[in-house]
Amino acid sequence: SSASTIDSDLERAEWLIEAAGKVMVSDSIIVEWSRALRGLDSDFERKRTLVALVEHGAPRVESVALALQSMQGMTSDFERRSVLEAASKTGVALADKDYLDAVDTMASDFERREALVALIRSTTPDVARSQSILRSVRGMPSDFERSEVLKALASAMPGDVALIEEYRAVTRGMSDFERGEAEKALDRFYR
């Protein structure tokens with residue numbers, strides 16, 4: 001692919017952003033797409049390119065999947081979250097593993113919270129997605145950010161008894177106030 005030969009991140013990004021709406025993401029050229037995207041050293045330029053791929057790429061499902069898989073190596077939590085939020089707004093069925101792998105590499109609990117809440121709001125999470133989100137929340141040191149994600153999840157997750165128990169297990173190590181807030185969010189299941 002000619003994009004892989006462009007040294008400047010800005011020029012490569014511009015070329016790829018233009019291509020995102022025109023060049024299909026298909027099995028025959030997915031390797032070239034991946035190589036060109038991985039070659040972007042600037043997190044900002046990679047974010048711009050991945051968001052363009054998410055918003056304008058075709059076929060949509062493959063474009064979003066490629067964007068999520070192409071986030072490896074990004075160091076900016078903000079840029080990573082921006083791509084995840086764009087993907088969550090597409091209405092495309094997201095691969096939880098790719099999405100949560102990107103979330104779990106974030107150091108900032110705030111950025112993690114924002115990305116997880118975007119996933120929760122993208123579609124009503126089923127039991128499996130809810131369990132995956134709970135696993136991700138366990139890795140967040142901040143009780144406040146953890147509580148915010150839990151409250152968002154409680155408002156949308158199914159009323160599965162085992163899932164509610166798993167949710168409660170995640171709250172156990174939290175401060176009394178944040179735990180109380182997160183537990184109160186479960187009241188919708190007991191009306």
Measure the spacing between [atom1] of [X] and [atom2] of [Y] and express it to the nearest 0.5 Å.
{"X": "Ser70", "Y": "Leu53", "atom1": "OG", "atom2": "CG", "result": "7.5 Å"}
{"X": "Ile30", "Y": "Ser63", "atom1": "CD1", "atom2": "OG", "result": "8.0 Å"}
{"X": "Glu148", "Y": "Leu150", "atom1": "CD", "atom2": "CG", "result": "9.5 Å"}
{"X": "Glu181", "Y": "Arg146", "atom1": "CD", "atom2": "CZ", "result": "15.5 Å"}
{"X": "Asp126", "Y": "Asp96", "atom1": "CG", "atom2": "CG", "result": "7.5 Å"}
{"X": "Met157", "Y": "Leu163", "atom1": "CE", "atom2": "CG", "result": "4.5 Å"}

Tell me, do [X] and [Y] make a side-chain contact under 4.5 Å, heavy atoms counted?
{"X": "Phe110", "Y": "Glu114", "answer": "yes"}
{"X": "Leu119", "Y": "Ser122", "answer": "yes"}
{"X": "Arg46", "Y": "Val51", "answer": "no"}
{"X": "Val161", "Y": "Phe189", "answer": "no"}
{"X": "Val54", "Y": "Leu68", "answer": "no"}
{"X": "Ser88", "Y": "Arg121", "answer": "no"}
{"X": "Leu50", "Y": "Leu40", "answer": "no"}
{"X": "Asp160", "Y": "Ile164", "answer": "no"}

Leu66 and Leu37: side-chain contact (heavy atoms from CB on, under 4.5 Å), yes or no, with the steps? CA-CA 9 Å; Leu66 175 62; Leu37 292 166; 4.0 Å; yes

Under 3.5 Å side-chain donor-acceptor pair for Ser132 and Arg135: yes

Verify whether one side chain among Arg129 and Thr123 offers a donor that lies under 3.5 Å from an acceptor in the other. yes

Do you know which two heavy atoms are closest between [X] and [Y], and how far apart they sit?
{"X": "Arg113", "Y": "Met140", "result": "N-CE, 4.0 Å"}
{"X": "Ala152", "Y": "Ile120", "result": "O-CG2, 3.7 Å"}
{"X": "Arg12", "Y": "Gly39", "result": "NH1-CA, 3.3 Å"}
{"X": "Pro125", "Y": "Leu153", "result": "CG-CD1, 4.0 Å"}
{"X": "Val25", "Y": "Trp33", "result": "CG2-NE1, 3.9 Å"}
{"X": "Ile17", "Y": "Arg48", "result": "CD1-NH2, 3.3 Å"}

Might you confirm whether atom CZ of Arg60 has over 12 heavy atoms from other residues, nucleotides or ligands at distances under 6.0 Å?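 Yes.
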
A quick test of your reading: do over 12 heavy atoms of other residues, nucleotides or ligands sit less than 6.0 Å from CG of Asp187? yes

Arg112: what forms a salt bridge (charged side-chain N to carboxylate O under 4.0 Å, His left out) with it, not counting sequence neighbours? Asp104

Using atom types as modelled and distance alone, determine if a side-chain donor or acceptor of [X] lies under 3.5 Å from a backbone N or O of [Y].
{"X": "Asp143", "Y": "Glu178", "value": "no"}
{"X": "Asp9", "Y": "Asp41", "value": "yes"}
{"X": "Asp43", "Y": "Glu79", "value": "no"}

Out of curiosity, does [Y] fall in the hydrophobic cluster containing [X] (side-chain heavy atoms, cut-off under 4.5 Å, transitive links)?
{"X": "Val64", "Y": "Val23", "result": "yes"}
{"X": "Leu186", "Y": "Val149", "result": "yes"}
{"X": "Val31", "Y": "Met24", "result": "no"}
{"X": "Val103", "Y": "Leu134", "result": "yes"}
{"X": "Tyr99", "Y": "Val61", "result": "yes"}

Is the shortest distance from a Lys or Arg side-chain nitrogen in Glu18 or Lys22 to a carboxylate oxygen in the other one below 4.0 Å?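 Result for this pair is yes, salt bridge flagged.
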
What I want to find out is whether Arg168 reaches Glu183 closely enough, with some N-O distance under 4.0 Å, to be called a salt bridge. yes

Excluding sequence neighbours, so at least two apart, what forms side-chain contact (heavy atoms from CB on, under 4.5 Å) with [X]?
{"X": "Ser82", "value": "Lys47, Phe78"}
{"X": "Ala169", "value": "Arg138, Arg172"}
{"X": "Gln69", "value": "Ala65, Asp98"}

All pairs passing salt bridge (charged side-chain N to carboxylate O under 4.0 Å, His left out) where residues 64-77 contributes a residue, at least two apart: Asp77-Arg80

Just jot down the side-chain hydrogen bond (donor to acceptor under 3.5 Å, both in side chains) partners of Glu55, sequence neighbours excluded, or say none.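 side-chain hydrogen bond (donor to acceptor under 3.5 Å, both in side chains) check on Glu55 returns nothing, list empty.
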
